[in-house]
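Everything below concerns the one structure shown next.
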There are 2 protein chains.
Amino acid sequence: MSSGRVSIRSVAKAAGVAIGTVSKSLNGDPEISEATRARVQQLARELGYHPMAQARGLARGRTGNVAVAVRSVFQPIFTSAFYSEVLAGVEAELERHDLNLLLTSLKRGDDLLHLASERRADGILYIGYDVEAAFLRELSASTPLVVIDGEAEGLSSVVSQNVEGSRVATRHLLSKGRRRLVFAAMTLAQPNFRARHVGFEEVLREAGLGSGPVVEGRSFADLYGALHALFASYRPDGVVCANDAVGYSVVQVLETLGVRVPEDVSVVGYDGTTGAEHRKTRLTTVAVDKQELGAAGVRVLLRQIQNPEAPPQQVVVPTQLEPGDTS
Amino acid sequence: MSSGRVSIRSVAKAAGVAIGTVSKSLNGDPEISEATRARVQQLARELGYHPMAQARGLARGRTGNVAVAVRSVFQPIFTSAFYSEVLAGVEAELERHDLNLLLTSLKRGDDLLHLASERRADGILYIGYDVEAAFLRELSASTPLVVIDGEAEGLSSVVSQNVEGSRVATRHLLSKGRRRLVFAAMTLAQPNFRARHVGFEEVLREAGLGSGPVVEGRSFADLYGALHALFASYRPDGVVCANDAVGYSVVQVLETLGVRVPEDVSVVGYDGTTGAEHRKTRLTTVAVDKQELGAAGVRVLLRQIQNPEAPPQQVVVPTQLEPGDTS
DNA sequence: CTGAAAGCGCTAACAA
DNA sequence: TTGTTAGCGCTTTCAG
């Protein structure tokens, strides 16, 4: 219980050395004798000294934090199971590098500019597919920046293997003998979903099955309407979904329509959302390593920070088919 | 496009004044003439000057960020829809006060101590029910701290109206003519859930119905087993759930058991989890204003920061019954 | 009303 | 090997 805050000066006084010596000792400067280093470190520990991050940062020219920026399009990122896990991955990797996570949800357009110009972070992790490429490119000229789960020319990014993952999902249904396949999504306006649709179409074409119908719908009700109509005319036997949320909706819709899953129709999702233990049915899905998506983003950013001149770098994280109860 | 970083000095030079004057002008010091203030502000804007957060913080003795600490017990907070929304509320309120959100998931026991001793944040928001009271009380002596969704003697906190909310839920089922009620939870080891159970029991007793059975289970399978057994012996006609996750599981279990909801059995959840639009059934629930939970936490913390001597303050956020399809 | 100067707590040259 | 000192970029007394 020392009175007031214990600063580097307290330690210096206690050790009978100059504050510079304390600094060097604590930072492992090789030019300090083993003896004093040990003594200073011991003393610092005893006094409970921890360098004040702000002061250290000011002197060293860095902040020790990384800003994670997310834009809320439909719903805030926070409520998305997918992005939440990405965030967890980011957090874990930052922690390993002794970096802090500054969370910002972008509201006004200049939020990011402020963050950057006030130098609150050493780099920016932009999470989301809705990339304003031109803006971010300009920003990335002055602040290291990596896009996670989105991409654009001239920007470092980390994405999942969208097209290939969807190919695997589609082939999986074909291997189950399904031939009348449908692609279901909340929307095709989202780049990742569109890429997954491309994979779906590619495989159908390769298999000589032509092009499959698409069902779009954001809610259970929308999907119900669309599938109801489609079933009347087309009688699909397999549904490839753009993500798990839609996948679970589709399963419920099919049950409501009196269609048995997977006996009559197979369903495959995308994402590998956790939390399935609370549900009756475990969706067959294309699992994305979301934590890895985040962690990889951090690693790319770190490289970018260390070498700001390095050219943008793209990383693709592999996916894996995860069989469940719906195929 | 000015070369290099634009600092306060650049502005001072451009305006032909001292840096102190720039600082005062920009911070609205009344002792500066309207004329120079305007000129400096104009110039600062033109040059794109933004004070560097770190330097400003060092001089002012604060950081401008608030640490949000979460402990991951069963699953990381990030993947919980409930906490994610709380986090969104925190974020929004912090933004209104020009504060940054430093997100930390507690792994090692001294993570928080580090954060505090390195003075990375002006205050701490601890989110979660698993409060290590003694530790946090000690910490709160040196750093303003507020617990959200948990509480303990001697700590500032914000919680939802657990007992009362559950009373309302239980009365709701009674008003629907239900008399054979069950309480379902993932576990009763969690304080919030226990409080909700208390509300449930109180109302039953008041209604002269004695005490109701309790069903515990973390997964669909567990709940299925427990409810299956219970239905054989007891034939409940209403289930009060400790939260929505359990509520949705219960609904699926009942459907699987061939019990109709709400015709045969009514189910009510707790939390008011968003994202129901992707589901067939909308659960009747006790809605907690999760954003408000977070925002209130920020406000209490701010008071604590401004007046560190103020005694701990407890805030209770009201709940509201939200009728759905399951009652 | 404005300028000068002393820090905020630390790091990193540069001396000694 | 250690001590001294000049900043890091800003705020804030205290003179002028």
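These values consider heavy atoms only, across backbone and side chains, with no hydrogens, waters or symmetry-generated copies.
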**Request:** Examine distances only and state if a side-chain atom of A:R37 and a backbone atom of A:D29 form a donor-acceptor pair shorter than 3.5 Å.
**Result:** yes
**Message:** Would you say A:Q42 and A:R39 are linked by a side-chain donor-acceptor pair, where the criterion is simply a distance under 3.5 Å?
**Reply:** no
**Message:** Expressed as a whole number of angstroms, how long is the span from A:L58:CG to D:dG7:C1'?
**Reply:** 9 Å
**Asked** What is the distance from NZ of B:K13 to P of D:dC10, rounded to the nearest Å?
**Response** 13 Å
**Electrostatic pair B:R56-A:E118, nearest N-O below 4.0 angstrom** = no
**Asked** Does the side chain of B:N100 come under 3.5 Å of the side chain of A:R120 through a donor N or O and an acceptor N or O?
**Response** yes
**Request:** Flag the pair A:Y126 / A:L136 as yes when at least one side-chain heavy-atom distance between them is below 4.5 Å, and no otherwise.
**Result:** yes
**Between P of D:dT11 and CG of B:L26, the distance in whole Å** = 8 Å
**Message:** Quick check: do B:L102 and B:V66 have side-chain heavy atoms less than 4.5 Å from each other?
**Reply:** no
**Request:** Specify the separation, in whole Å, of atom CZ of B:R9 and atom P of D:dC10.
**Result:** 8 Å
**Request:** Please check the phosphate of C:dC1 (OP1 and OP2 only) for any side-chain N or O of B:T36 closer than 4.0 Å.
**Result:** no
**Asked** Quick one: B:R62 CZ to C:dG9 C1', roughly how many Å, whole number?
**Response** 17 Å
**Fill in**
Readout for nucleotides 11-16 of chain C: B = base within 4.0 Å of protein heavy atom, S = sugar-phosphate only, - = neither; 5' to 3' it is BBB---
**Request:** Please tell me if the side chains of B:D111 and A:E95 come closer than 4.5 Å, counting only heavy atoms from C-beta onward.
**Result:** yes
**Length of the CE-C1' vector between A:M52 and D:dG9, whole Å** = 13 Å
**Asked** Of all residues at least two apart in sequence or in a different chain, which pass the side chain to side chain contact (heavy atoms under 4.5 Å, CB included) check with B:N307?
**Response** B:E309, B:A310
**Request:** Check DNA chain C for consecutive Watson-Crick or G-U pairs with both distances under 3.5 Å and list the runs of at least three as stems.
**Result:** C:1-16 with D:1-16
